[in-house]
Amino acid sequence: MAAKRPCRRPALPHDVVKSRAGLVPESDYILIEKCQQNRNLAFIARLLNKYTTIFHYEAEENSLENLIAYLRLYCDSKGYEFDKIIATSHEMYFDGLDLKQTYN
């Protein structure tokens, strides 16, 4: 009896299977969205790691606090409303990370 050939397609995440079954509306690009989110999170992790290393912080949390303080200074210098930006990002986070993409 011949051995079974291994499947070359990776297993799909549960939410992708549900979306293809039509149980999740407007989710044709759910896999692409998840890949983009993973890339964005990896970018943030690399940024924090380098910032922590360059400025000799003890923990990434300290780096993150410092970066947020600099973001507030930047917003003040440009006339942006930092609190409004934080409130909007907070809403986007709780709406399922439907983050606005400004690039292709």
Side-chain angles (χ1 to χ4, degrees):
M1 180 174 186
K4 281 187 168 182
R5 288 182 18 199
C7 181
R8 292 179 188 250
R9 282 192 312 188
L12 294 173
H14 182 67
D15 49 358
V16 174
V17 173
K18 285 173 52 177
S19 70
R20 288 192 177 163
L23 301 175
V24 181
E26 298 180 19
S27 59
D28 292 337
Y29 301 106
I30 194 165
L31 189 58
I32 295 169
E33 292 169 7
K34 286 197 171 293
C35 288
Q36 186 63 44
Q37 286 177 7
N38 289 341
R39 274 189 239 123
N40 292 343
L41 292 176
F43 171 76
I44 295 296
R46 286 191 309 271
L47 175 73
L48 278 175
N49 189 8
K50 287 184 182 191
Y51 193 82
T52 302
T53 304
I54 290 170
F55 292 103
H56 306 291
Y57 289 108
E58 294 178 9
E60 285 185 358
E61 188 174 345
N62 296 344
S63 300
L64 193 56
E65 292 167 353
N66 199 357
L67 281 172
I68 291 172
Y70 280 119
L71 283 173
R72 181 180 283 273
L73 286 172
Y74 180 78
C75 287
D76 289 344
S77 71
K78 293 290 188 175
Y80 302 145
E81 295 182 39
F82 183 78
D83 293 329
K84 183 178 177 183
I85 292 169
I86 292 294
T88 303
S89 66
H90 195 257
E91 289 175 13
M92 288 167 35
Y93 173 77
F94 284 108
D95 285 343
L97 290 175
D98 185 21
L99 303 176
K100 299 174 184 173
Q101 300 294 326
T102 56
Y103 53 89
N104 293 333

A.B. asks: My understanding is that only residues two or more places apart in sequence, or in another chain, count here; which of them pass side chain to side chain donor-acceptor pair (under 3.5 Å) with Arg39?
C.D. replies: Gln36
A.B. asks: List the residues meeting ring-ring contact (aromatic ring centres under 6.0 Å, His included) with Phe43, not counting sequence neighbours, and say none if there are none.
C.D. replies: none
A.B. asks: Please output the side-chain donor-acceptor pairs of residues 74-85 that fall under 3.5 Å, not counting sequence neighbours, one pair per line with the distance.
C.D. replies:
unit_1, atom_1, unit_2, atom_2, d
Ser77, OG, Tyr74, O, 2.7
Asp83, OD1, Arg72, NH2, 3.4

A.B. asks: So does Glu61 have more than 12 non-hydrogen atoms from other groups sitting under 6.0 Å from CD?
C.D. replies: no
A.B. asks: Do the non-hydrogen side-chain atoms of Ile44 and Asn40 ever get within less than 4.5 Å of each other?
C.D. replies: no
A.B. asks: Heavy-atom distance under 4.5 Å between the side chains of Thr52 and Asn62, does that happen here?
C.D. replies: no
A.B. asks: State, to 0.1 Å, how close Leu48 and Leu67 come at their nearest heavy-atom pair, and which atoms those are.
C.D. replies: CD2-CD1, 3.7 Å
A.B. asks: Where does the angle between the aromatic ring planes of Phe94 and His90 fall among parallel (under 30°), tilted (30 to 60°) and perpendicular (over 60°)?
C.D. replies: perpendicular
